[in-house]
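Some notes on the structure that comes next.
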2 protein chains.
Amino acid sequence: MKPAEQLFRDYLKSKGLRLTREREEILKEIMKIHGHFEVEDIYLRLRRKKVKVSQTSIYRTLPLLVESGIVQKTPCDRMKARYEHVLGHRHHDHMVCIKCGRIIEFSNERIERLQEEAGKKYRFEILGHRLVLSGLCEECR
Amino acid sequence: MKPAEQLFRDYLKSKGLRLTREREEILKEIMKIHGHFEVEDIYLRLRRKKVKVSQTSIYRTLPLLVESGIVQKTPCDRMKARYEHVLGHRHHDHMVCIKCGRIIEFSNERIERLQEEAGKKYRFEILGHRLVLSGLCEECR
DNA sequence: ATGCGTGCAAATCGTTTGCAGGTTG
DNA sequence: CAACCTGCAAACGATTTGCACGCAT
């Protein structure tokens with residue numbers, strides 16, 4: 001069994017919830033997507049494979065996946081929520097184009113280290129962070 | 001006349017648009033808010049002062065303010081769009097204690113420079129950024 | 001058997017749009 | 001007058017919720 005599914009199962013059990021076929025299918029599909037996705041993406045991909053899961057179930061499952069640390073909501077300008085799975089993915093930050101909504105992922109080791117330093121300076125224990133650069137992407141500027 | 005209003009007037013003129021009473025009131029109110037805001041915030045604040053402006057007008061004015069560089073859309077998780085005015089603000093970042101909610105403002109010149117570098121690497125024009133460290137403050141750890 | 005889960009359809013919420021009347025140059 | 005603006009109400013699209021039935025423990 002894959003770590004993501006194990007994690008999810010443990011999380012659900014700890015909350016007295018169940019790992020149903022639908023939740024399993026949704027998780028499996030999400031783990032196949034490397035990059036951002038929307039609710040509709042999952043729905044269409046599953047439907048294309050004749051896997052029967054309603055959009056409602058996807059909407060209801062996503063918060064559970066976020067809560068269990070497998071999936072993250074990513075920042076966005078648009079109305080539609082975007083997500084990405086986060087297991088086995090190194091941490092990265094985001095640039096969001098305020099014009100077209102494009103999201104560029106990047107990561108910078110030195111920035112991470114400076115954040116740690118800033119934390120120390122204020123005796124603040126950093127448990128997580130989120131850096132978003134907003135601006136114009138190459139095509140929109 | 002304040003620079004923001006001048007900027008806006010120039011922008012509008014360049015597009016053949018007009019600086020109406022409504023647009024002026026909206027801009028004035030936005031410039032008073034130091035931090036982020038939502039459409040409804042502006043609406044309620046104006047209404048409380050008996051200034052008559054419809055939500056529709058706010059929705060229609062915000063893109064103009066963004067386009068003219070006075071206001072920025074800030075990335076967000078929620079459904080509601082959030083904005084902030086961007087003129088004449090020194091930038092700072094935040095540490096948020098997840099236990100007591102305390103917010104520590106800090107700024108770090110070297111982090112800013114590294115961000116600029118990262119932007120250049122992707123040919124991304126950075127107009128704003130937002131760094132949030134979440135964790136435990138001195139007293140809560 | 002007891003709840004939790006499901007899909008559907010209706011409801012909700014933020015935002016956008018069509019329209020009729022008002023204002024500006 | 002032509003073009004822009006406004007407020008209202010209706011439309012819209014993403015998400016949430018109420019409900020009746022189904023399924024897991």
Side-chain angles (χ1 to χ4, degrees), chain A residues 5 8-30 36-47 49-68 71-83 98-99 101, chain B residues 8-30 36-47 49-68 71-83:
Chain A
E5 192 167 329
F8 195 33
R9 190 184 296 277
D10 291 349
Y11 168 77
L12 291 172
K13 177 170 275 178
S14 80
K15 293 280 183 183
L17 306 175
R18 296 166 195 158
L19 183 53
T20 60
R21 179 188 66 76
E22 286 84 350
R23 287 176 181 166
E24 213 173 325
E25 299 277 18
I26 292 167
L27 173 56
K28 265 200 302 191
E29 204 55 41
I30 284 174
H36 306 238
F37 61 85
E38 300 168 1
V39 169
E40 206 188 359
D41 296 327
I42 306 297
Y43 179 65
L44 293 177
R45 286 174 65 120
L46 287 174
R47 171 191 261 250
K49 298 183 191 175
K50 312 288 185 212
V51 176
K52 208 173 65 73
V53 173
S54 69
Q55 293 218 44
T56 309
S57 284
I58 301 173
Y59 276 112
R60 287 199 259 233
T61 300
L62 273 165
L64 302 175
L65 288 167
V66 169
E67 186 68 19
S68 66
V71 166
Q72 247 183 216
K73 231 173 160 161
T74 73
C76 60
D77 282 343
R78 311 242 191 83
M79 275 293 87
K80 272 184 174 169
R82 296 179 76 84
Y83 298 85
I98 58 174
K99 201 153 183 182
Chain B
F8 194 33
R9 189 184 295 278
D10 291 348
Y11 167 78
L12 291 172
K13 177 169 278 180
S14 80
K15 295 279 183 182
L17 306 175
R18 295 165 195 158
L19 183 54
T20 60
R21 180 189 65 75
E22 286 85 351
R23 289 177 179 164
E24 212 172 327
E25 299 279 17
I26 292 166
L27 173 56
K28 264 200 301 190
E29 203 55 40
I30 284 173
H36 38 64
F37 61 85
E38 300 167 2
V39 168
E40 205 188 1
D41 296 328
I42 306 296
Y43 179 65
L44 293 178
R45 287 173 66 121
L46 287 175
R47 170 191 262 249
K49 298 184 189 174
K50 312 286 185 217
V51 176
K52 208 172 66 75
V53 174
S54 70
Q55 294 218 42
T56 308
S57 285
I58 301 173
Y59 277 112
R60 287 199 259 234
T61 300
L62 272 166
L64 303 175
L65 288 167
V66 169
E67 186 69 18
S68 67
V71 166
Q72 254 184 211
K73 228 173 162 159
T74 72
C76 62
D77 284 344
R78 315 234 193 86
M79 276 290 89
K80 273 181 174 173
R82 295 181 79 81
Y83 299 84

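Numbered from 1 within each chain, the chains take letters A, B, ... in sequence-line order.
A:E40 comes within contact range of no nucleotide atom at all, as no heavy-atom separation falls under 4.0 Å.
Every residue two or more places apart in sequence or in another chain that forms a ring pair (Phe, Tyr, Trp, His ring centres under 6.0 Å) with A:H36 is listed here: A:H94. The side-chain hydrogen bond (donor to acceptor under 3.5 Å, both in side chains) search around B:R18 returns none, not counting sequence neighbours. Every residue two or more places apart in sequence or in another chain that forms a side chain to side chain contact (heavy atoms under 4.5 Å, CB included) with A:Q72 is listed here: A:E84, A:V86. In this view, A:E40 and A:K80 satisfy the side-chain hydrogen bond (donor to acceptor under 3.5 Å, both in side chains) rule, not counting sequence neighbours. For B:F37, the side chain to side chain contact (heavy atoms under 4.5 Å, CB included) criterion is met by B:I30, B:I33, B:D41, B:I42, B:L62, B:V71, B:Y83, not counting sequence neighbours. Qualifying side-chain hydrogen bond (donor to acceptor under 3.5 Å, both in side chains) partners for A:Y11, counting only residues two or more places apart in sequence or in other chains: none. Residues forming a side chain to side chain contact (heavy atoms under 4.5 Å, CB included) with A:K49 (at least two apart in sequence, or on another chain): A:E29, A:K32, A:V51. For B:R47, the side-chain hydrogen bond (donor to acceptor under 3.5 Å, both in side chains) partners two or more places apart in sequence, or in a different chain, are B:Y43.
Look at A:E5 and A:R9 and you find a salt bridge, because one of the NZ, NE, NH1 or NH2 atoms lies within 4.0 Å of a carboxylate O, short of that distance.
Within residues 53-65 of chain A, the residues approaching DNA chain C are A:V53, A:S54, A:T56, A:S57, A:R60, by heavy-atom distance under 4.0 Å.
Nucleotide C:dG14 holds its C1' atom 11 Å from the NZ atom of B:K73, rounded to whole Å. Atom P of nucleotide C:dC4 and atom NZ of A:K15 are separated by 13 Å, given to the nearest angstrom. To the nearest angstrom, C1' of C:dT12 lies 13 Å from CE of B:M79.
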Show each protein N/O and nucleotides 20-25 of chain C N/O combination with a separation under 3.5 Å, one pair to a line.
none

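Taking every nucleotide of DNA chain D with any atom under 4.0 Å from a non-hydrogen atom of chain A, the first and last of them, 5' to 3', are D:dA14 to D:dA24.
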